[in-house]
Protein chains: 2
Amino acid sequence: MADVAREAGVSVATAGRALGNYGRVRDDLREQVQAAAERLGYSPNAVARSMRSGGTRSIGFVGADISNPYFATAMRGICDVAREQGYEPILANSDDRLEVERAAVSVLLDKQVEGIVVAPTSVTDVAHLERAMELGVPIVLLDRHIGALAADSVVIDNEAAAYEAVAHLLGLGHRRVGLLACVDPAEGPELAARTGTGRLTVRGAARPSIDRIRGYLAAVDDHRATSSAELIQYTPLSDAAQAQRRAEALLTQPQPPTAVFATDNVTTQGLFMAARRRGLAIPADVSLVGFDDLDWTTLVDPPLTVVAQSPLDMGRAAAVRLFERIKGDDRPAERIVLPTELVVRSSTAEHSHGVREHSG
Amino acid sequence: MADVAREAGVSVATAGRALGNYGRVRDDLREQVQAAAERLGYSPNAVARSMRSGGTRSIGFVGADISNPYFATAMRGICDVAREQGYEPILANSDDRLEVERAAVSVLLDKQVEGIVVAPTSVTDVAHLERAMELGVPIVLLDRHIGALAADSVVIDNEAAAYEAVAHLLGLGHRRVGLLACVDPAEGPELAARTGTGRLTVRGAARPSIDRIRGYLAAVDDHRATSSAELIQYTPLSDAAQAQRRAEALLTQPQPPTAVFATDNVTTQGLFMAARRRGLAIPADVSLVGFDDLDWTTLVDPPLTVVAQSPLDMGRAAAVRLFERIKGDDRPAERIVLPTELVVRSSTAEHSHGVREHSG
DNA sequence: TTGTAGGCGTTATCAG
DNA sequence: CTGATAACGCCTACAA
C-alpha cells in the first residue's frame, strides 16, 4: 500500500482511506489512488486488516462428516448466508469424536473466527464451547440441543417426528412395530421396564437418536401396542452394512415385526437392503418408515415413506442466528425448532392380519 | 502474551519462545511460562502469527456446490489431508458461475491462503487463476484439466471411461445407443458430420462432459453402430427434473435407442426415472449405463451398471499435490489421472433382436 | 540463555 | 480533508 500511496502521490493514510472505504477523501484523490492501485495490481491483505480490526470475516463450522448428505447440505446453507454477509466459512470434520471436535474448536478460536456453528458430538462435555462463548465467540448448535449450555440451537422435534412416524404405522393396524436406531455406544441408552405397566422407557441424554427412541416408545405406549426389547435393534455407527445386519436380525426373529421405523438415513438404507435381501415384499410383508428425505428414497421400489427434514434450512437458520449474535444480539439463548414432515409414500400399508411367511 | 510474561516474571521474548516452541529457553522457565499461560487462559493469536510469518495455514477450496455428493466427498478428502498437515480449508461455492468463482478466488487470496484447490467453471477464462499463481499461491485443478494453465490437475480419463461404457453396450449387441449428456449451454458443443463417413464428431473445449461425448462418439464409430444426432440429448443444468424430460424425449422417439449412457450422476438419475415413468423394463426394453457409483445405484431395481470414480481419492490427491507445491516443489505441472471402473450390474443386457413395443 | 527493539500491512487517532 | 504516527500480537535479529 505504501507503493500505491507513492505512485498516487499521497500519504499511506489517504491511500488507506481511499481503498478501505473509510474516512473522507476528496473524490479526485480517491480515483487517483484507485487508479494507482489498479496499475500496481494491489490487493488488500486481509490478515493485516484482521490484525488491526479484530474481525476476520470468518466463521467456523464443525460437523461430524462433510461427506454425509445431511452435513453437506447444511454446510451449503451456512455458506450461502455467510456469503451474503461477506464472510467465509472454515470447515472442520469431527468424525463424531469429542477430542477432535475440541481440537477443531481450539484451532478456529486461534484463527479468530467470529462465530462457530457446531453439530456437537457430546451433549455433556461442553467446556470447549463454553470457553468460546466466554471469549466472545458465539456458538450456534446444529442438530443437537444442549440444555446445559446457554447457546442457541437449531433442531427438529425428534421425539414428535418419531412419534408421528410410528403412530402412522400403528394407525394402519400394525401391533408389532420394530425400531432400528442409530446410537453411539458411548451414549449408553438403557431400556428399562416402567413400573407397573411392564412397558419400556429409555434412559440417556437428550440426543436425536435417543429422542427418536422416546418418540417410538411413547407412540407404542399410547396405542397399547407391543412393547418389547426384541423389537428394538441398535446399530452403533454410521455404517450401512452394520445397520443391514441388525435389520436382518430384527426381521428374521421368530415373531418378526410387521412394520419397522428407522431413525436416520443410514439405518433406513440398511433396513431397505435387509428387507430386499430377505425377499420380503414391501409393504405386503413389512411396512417401512425411514428418516430423511434423500433422493434415493423416491427412486427405489416402492418409494419410501419417510420423515423429512430440511438440512438446508437448518444450516441457513443456524448461520442467520450466528450473524445476529456476531452483530451483538444478546437476547437469551433460544432453541429454534424447524418443522419435519411425514411424507407418506408406498412403503407403508395396512397390516394384513392373514398369515405371513418368509424365510426368516 | 505480555500478561503471561509479566505473570511468569520473564520478558515477552522468553514467553514467546516458551509458548511458540522456538529458540532456546531454560526448562524451568519454560514450565513457569506455560503454567502462567494456563492460569491466564492464554491462547496464541493465529492472525498475528500469520501476519508475522506470512503463512496462514489455510487453504481454499472452490467447487460448484458442496451439497453435490461429488464435491462433498472430494472436500472430505481435502479436509483429511489438510488436517494431517495442520491446515484448515476455507470453502467457497461457485455455483458453476465464473464471476462467483473469480470473486471467491480473490477473497481467498486476500485472506492469504497458501494454496487453492479449484474445480474450475471455465476452461478458457483463467486470468484469476494465473494471478494466484503469479502471487505464489499454487493452484490444483480438480475434475477438469486446463491445457492453457501451468497448474496441476487431478482428473479421470473422461473419454476413455465413456468409451468403455459405450463399448460395453455395443459389445452386448446394441446398435442404437443413446446419450444423455449434461453440458453447460455456454460450452456450446457442436455436433458436426465428419467428412466422408457421415459420422459425427464434437467440437468444444476439453471438459468432462464434452470428453465423455467424445468417448461415446469414438466407441460408436469404432463399432460401426448408428451415429445420429437424434440419439443424443443435452440437458443444460444440474437439474434432475430437466434431465428426466430430456431422457423421456430420447426414449419416446419413433425409433428409440435400445440402450442409453448418461454422463453424470444427475442425468443418470433422470434417465432412470424416465425409463420407469415410461414403464420400460430395464434391461429388457432398454439397457442403462450411468456415471458415478452413488449408493442409490445399488438400491434401485435393477442395480445400475455405472462408471465409478472416487471423488474421495481425487480430493485427497489434489490436496497432496497442493501441499507438495506449498512446500516448494516446482516440478512442471502434471496431469494426475485417477482410474475409473466400469461396474457391471444388472441394468445392461444383450440386445434382444425381437420386436419391442412401448407406449412412446 | 535472555532481553530489547523493530517490523509485518492495516486502520485509528490526532494534529495540521 | 490530509498527513504523520502509533498500535494490533507475534517473531526474529541482535545485543547483552
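Chain letters run A, B, ... following the sequence lines, proteins first, then strands; residues in each count from 1. This one's a predicted model, so the numbers in the text were calculated from it and none came from an experiment.
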(Q) Rounding to 10°, can you tell me the angle the first-five-pair axis of the helix from C:dT1-D:dA16 to C:dG16-D:dC1 makes with its last-five-pair axis? (A) 40°
Q.
Side chains of A:T121 and A:E101: any donor to acceptor distance under 3.5 Å?
A. yes
**Q.** Counterpart residues, ring pair (Phe, Tyr, Trp, His ring centres under 6.0 Å), relative to A:Y87 (two or more places apart)
**A.** A:F323
Q: Mind checking the CD-CG spacing from A:E31 to A:D27? Nearest 0.5 Å is all I need.
A: 6.5 Å
Q.
Heavy atoms only, 4.0 Å cut-off, all strands: where does B:T14 land among base, sugar-phosphate and nothing?
A. sugar-phosphate
Q) If each of A:R52 and B:R52 is mapped to the nucleotide of DNA chain C with the nearest heavy atom, which maps nearer the 5' terminus, i.e. the 5' end? A) B:R52
Q) In this structure, which one of B:I336, B:I156, B:V117 forms a side-chain contact (heavy atoms from CB on, under 4.5 Å) with B:M314? A) B:I156
Q: Under 4.0 Å from any heavy atom of chain A: name the first and the last nucleotide of DNA chain D that qualifies, 5' to 3'.
A: D:dC1 to D:dG9
Q | Residues which pass salt bridge (charged side-chain N to carboxylate O under 4.0 Å, His left out) with A:D330, listed by chain and number, not counting sequence neighbours | A | none
Q) Going 5' to 3' on DNA chain C, which nucleotide is the first and which the last to come under 4.0 Å of a heavy atom in chain A? A) C:dG9 to C:dT13
Q.
Using a 4.0 Å heavy-atom cut-off, does A:V25 contact any base of the nucleic acid, only the sugar-phosphate backbone, or nothing at all?
A. sugar-phosphate
Q) Is B:V47 touching bases, backbone alone, or none of the nucleic acid, heavy atoms closer than 4.0 Å? A) nothing
Q. Any chance the side chains of B:D313 and B:S310 put a donor and an acceptor closer than 3.5 Å?
A. yes
Q: For B:R24 and for A:A48, locate the closest nucleotide of DNA chain C by heavy-atom distance; then report the residue assigned to the nucleotide nearer the 5' terminus.
A: B:R24
Q. Which comes earlier along DNA chain D counting from the 5' end, the contact point of A:D28 or that of B:S53, where each point is its nearest nucleotide?
A. A:D28
(Q) Checking side-chain polar atoms at under 3.5 Å, does A:T56 have a donor or acceptor matched by the opposite partner on A:Q112? (A) no
**Q.** Candidate pair A:H145 and A:R207, rule side-chain contact (heavy atoms from CB on, under 4.5 Å), full reasoning
**A.** CA-CA 8 Å; A:H145 180 75; A:R207 294 190 47 167; over 6 Å; no
Q.
Do A:F71 and A:N93 have side chains that approach each other closer than 4.5 Å (heavy atoms only, starting at C-beta)?
A. no
Q.
Among A:I78, A:L312, A:N68, exactly one meets side-chain contact (heavy atoms from CB on, under 4.5 Å) together with A:T73. Which residue is that?
A. A:L312
Q: Would you mind classifying the nucleic acid contact of B:M1 as base, sugar-phosphate or nothing, using non-hydrogen atoms under 4.0 angstrom?
A: sugar-phosphate
(Q) List the residues meeting salt bridge (charged side-chain N to carboxylate O under 4.0 Å, His left out) with A:R325, not counting sequence neighbours, and say none if there are none. (A) A:D152, A:D329
